[in-house]
Amino acid sequence: MAGPRTSETQRRGRRPAVVTVLDMGSTKTVCLIARMVPSDAGRYLSARTHQAEIVGIGHTRSLGMKSGVVVDLDAAERSIRHAVEAAERMAGVTVDSMIVNLSAGRPKSTICSASLTLKDKPVSQREIEQVLRAAVARAARVDRHVVHLLPIDHMLDGERGIVDPRGMIGSELTLNMHLLSADVAPVRNLELAINRAHLSIETLVATPYASGLATLVDDELELGCACIDMGGGTTSIAIFSEHRFVHTETLPLGGHHVTMDVARGLNCRLEDAERLKVMQGSVIATSVDDRDIIQVPSMDEDRHEGGHQIPRSLLNRIVAARVEETLEMLRERINASGCSSVVGKRVVLTGGAAQLGGLPDMARRILGRNVRIGRPLGVRGLPAAAKGPAFAAAVGLMVYPQVAADDHSSERFRGTASVKRTGTEGPLGRMTQWIKESF
């Protein structure tokens, strides 16, 4: 994912490019249009070959989406159109295709390995390409949509962790790859909703992977870290180690579930529950919560009765119960993944639900790790309201083309059973020429 610091010659060879991304979440739909300007690698973000300068942004409430899945094509299409049209007006350009995030389809991580007999001769580029083709061919037999196929490391005669085996001598070369797959139907419905807005998908990027690309610095990527994206309908984990994306997990729980609990527990409307959760709620109890009284609006249409009053401690107990359940499930998933030692003591929380009051403290206690809130890094032109963790995935989608060369899922699966068309104009997994030429 990260390489050596870019030389001046390499920097001059790159060209500016315009990137359009679409973050389709359960609660909001965001379209960003950015001009990607070649730049030297930064001290803490060495994988970045380009600087993103936002020229257009569109943001609207998501319709027709539930837990990342399209449940109403017409409503989802309207959200997409509103977000894209707003970004187009601001940027003064017309968009026809974009990079899109994926949270649905029960994403699953597996390790895909392939081996090649060397007969005790030095490894050449030819052998490296052969074992890569073998690993890709094995992944193509998976009966799901292949979202990412990323190399983890090489093994030479059983020795793991070899980054570049060229010139080394051994009898067997093995390549381990991270295969992230998803159910086909949710992917095709997402593509269909976008195609109905007369747009096409350049490529799909897993939401937690995008969030990690936007928020993690080099030391976290190298030493090992878990990026937890807490969205409206889902909470997902991306685990990174040695600059590689090695594992993911997804839970069907998110910030909207907390809002639903508040609405039921306090007998109020969803919009009022969301406002109370954001403005008044916290997952950490304090000594003054029992004495601090808050007003809960009435559910009546005229609202003349003025609602009722409750202690803040009641609201906080409702919020804390659901968040604690989610964090405990995350801890179990991390431990069961076999990557607990890889994560070490580093966790980054991002996504809209990560802004809940007191969340980092509760996460440190339950996960037993150091926790920080992750915000988008290395991007210019974002309005102040879009600089928080809720926009991490959208910014990460703009970073993805800079590391897309490592992903072997796109062009190599064209025409295989893993990529299926909807009958509309955009085949999934099509990386356009500007990605090849500009990045």
Side-chain angles (χ1 to χ4, degrees), residues 1-3 21 45-49 99-103 105-113 132 135-136 139 142 144-154 160-161 163 175-182 203-229 234-250 330 333-334 337-344 346-351 374 376-378 392-410 412-413 429 431 435 439:
M1 211 178 94
V21 303
L45 302 170
S46 63
R48 306 283 183 94
T49 59
I99 301 171
V100 183
N101 69 317
L102 177 69
S103 301
R106 296 182 299 173
K108 180 182 178 182
S109 286
T110 55
I111 300 299
C112 179
S113 300
L132 174 61
V136 170
V142 175
R144 305 179 90 216
H145 174 71
V146 177
V147 184
H148 297 296
L149 184 61
L150 300 161
I152 298 176
D153 64 358
H154 288 86
R160 297 202 59 170
V163 178
L175 173 62
N176 296 315
M177 304 192 79
H178 174 204
L179 169 62
L180 195 158
S181 61
T203 190
L204 289 171
V205 182
T207 299
Y209 182 30
S211 296
L213 292 176
T215 60
L216 301 184
V217 298
D218 282 353
D219 285 348
E220 291 168 331
L221 291 168
E222 175 65 27
L223 298 173
C225 182
C227 179
I228 299 176
D229 185 281
T234 60
T235 296
S236 50
I237 317 167
I239 297 177
F240 293 81
S241 177
E242 297 180 351
H243 286 273
R244 301 291 183 183
F245 174 37
V246 298
H247 189 78
T248 190
E249 295 278 352
T250 300
L330 289 172
R333 292 291 184 91
I334 292 174
S337 69
C339 297
S340 181
S341 60
V342 170
V343 174
R346 289 162 293 276
V347 171
V348 174
L349 298 178
T350 189
L377 303 173
V395 171
L397 294 175
M398 293 188 296
V399 180
Y400 174 77
Q402 302 172 54
V403 299
D406 286 339
D407 195 339
H408 299 276
S409 64
S410 300
R412 297 177 184 266
F413 288 101
M431 299 296 288
I435 291 182
F439 295 91

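Start at 1 with the first residue, then count along the sequence.
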Problem set entry | Side-chain touch Asp218/His243, heavy atoms, less than 4.5 angstrom | yes
For this session: Give the minimum heavy-atom separation between Thr350 and Ala392, together with the two atoms involved.
Result: OG1-CB, 3.1 Å
Problem set entry | Heavy-atom pair of closest approach, residues Leu204 and His145 | CD1-NE2, 4.1 Å
For this session: Determine, step by step, whether Thr250 and Arg333 satisfy the side chain to side chain contact (heavy atoms under 4.5 Å, CB included) criterion, reporting the C-alpha distance in whole Å, the side-chain angles of both residues, the deciding distance to 0.1 Å, and the verdict.
Result: CA-CA 9 Å; Thr250 300; Arg333 292 291 184 91; 5.9 Å; no
Exercise. When rounded to the nearest 0.5 angstrom, what is the spacing between OG in Ser103 and CG in Asp229?
Worked result: 7.0 Å
Problem set entry | Leu102 and Val100, any side-chain heavy atoms less than 4.5 Å apart | no
For this session: Mind checking the CE-CG spacing from Met177 to Leu132? Nearest 0.5 Å is all I need.
Result: 5.5 Å
For this session: Output yes when a side-chain donor or acceptor of Glu220 lies under 3.5 Å from a complementary backbone atom of Val217, and no otherwise.
Result: yes
For this session: Take Asp153 and Glu242 through the side chain to side chain contact (heavy atoms under 4.5 Å, CB included) test and state the conclusion after the steps.
Result: CA-CA 10 Å; Asp153 64 358; Glu242 297 180 351; 5.7 Å; no
Exercise. In terms of the angle between their ring planes, are His178 and Phe245 parallel, tilted or perpendicular, with boundaries placed at 30° and 60°?
Worked result: perpendicular
Problem set entry | Heavy-atom pair with the smallest gap, counting every atom of Thr215 and Pro376 | CG2-N, 4.3 Å
Problem set entry | Worked check of side-chain hydrogen bond (donor to acceptor under 3.5 Å, both in side chains) between Asn101 and Thr207 | CA-CA 5 Å; Asn101 69 317; Thr207 299; 3.0 Å; yes
Exercise. At what distance, to the nearest 0.5 angstrom, does CG of Leu216 lie from SG of Cys227?
Worked result: 5.0 Å
Problem set entry | Contact check, side chains of Cys225 and Val348, non-hydrogen atoms, under 4.5 Å | yes
For this session: Please test Arg244 against Asp406 for salt bridge (charged side-chain N to carboxylate O under 4.0 Å, His left out), starting from the C-alpha separation and ending with a verdict.
Result: CA-CA 10 Å; Arg244 301 291 183 183; Asp406 286 339; 3.5 Å; yes
For this session: State, with a plain yes or no, whether a side-chain heavy atom of Val342 is found less than 4.5 Å away from one of His247.
Result: no
For this session: Starting from the C-alpha separation in whole Å, work towards a yes-or-no answer on side chain to side chain contact (heavy atoms under 4.5 Å, CB included) for Tyr400 and Thr203.
Result: CA-CA 10 Å; Tyr400 174 77; Thr203 190; 3.8 Å; yes
Exercise. Atom CG in Leu349, atom CG in Leu330: separation rounded to 0.5 Å?
Worked result: 9.0 Å
Seminar exercise, completed: Between the OG atom in Ser211 and the CD1 atom in Ile228, the distance rounded to the nearest 0.5 Å is 11.5 Å
For this session: Go through the steps for Tyr209 and Leu150 under the test side chain to side chain contact (heavy atoms under 4.5 Å, CB included), then give the verdict.
Result: CA-CA 12 Å; Tyr209 182 30; Leu150 300 161; 4.2 Å; yes
Exercise. Once you round to the nearest 0.5 Å, how far does CG of Leu213 lie from CG of Leu377?
Worked result: 11.5 Å
Exercise. Less than 4.5 Å apart, any side-chain heavy atom of Val147 and any of Pro107?
Worked result: no
Exercise. Just by distance, do the side chain of Arg48 and the backbone of Val399 share a donor-acceptor pair under 3.5 Å?
Worked result: no
Problem set entry | Donor-acceptor contact present, side-chain His408 to main-chain Val136, <3.5 Å | no
Problem set entry | Side-chain heavy atoms of Phe240 within contact of Arg346, under 4.5 Å | no
Seminar exercise, completed: In terms of heavy-atom contacts, Ala214 and Gly396 come closest through CB-N, 3.5 Å
Seminar exercise, completed: What one should report as the nearest heavy-atom pair of Thr248 and Ile237 is OG1-O, 2.7 Å
Exercise. Are the side chain of Arg144 and the backbone N or O of Ser181 linked by a donor-acceptor pair below 3.5 Å?
Worked result: yes
Problem set entry | Which atom of Ala238 lies closest to which atom of Pro208, heavy atoms considered | CB-O, 3.5 Å
Exercise. Under 4.5 Å between any side-chain heavy atoms of His148 and Val205, yes or no?
Worked result: yes
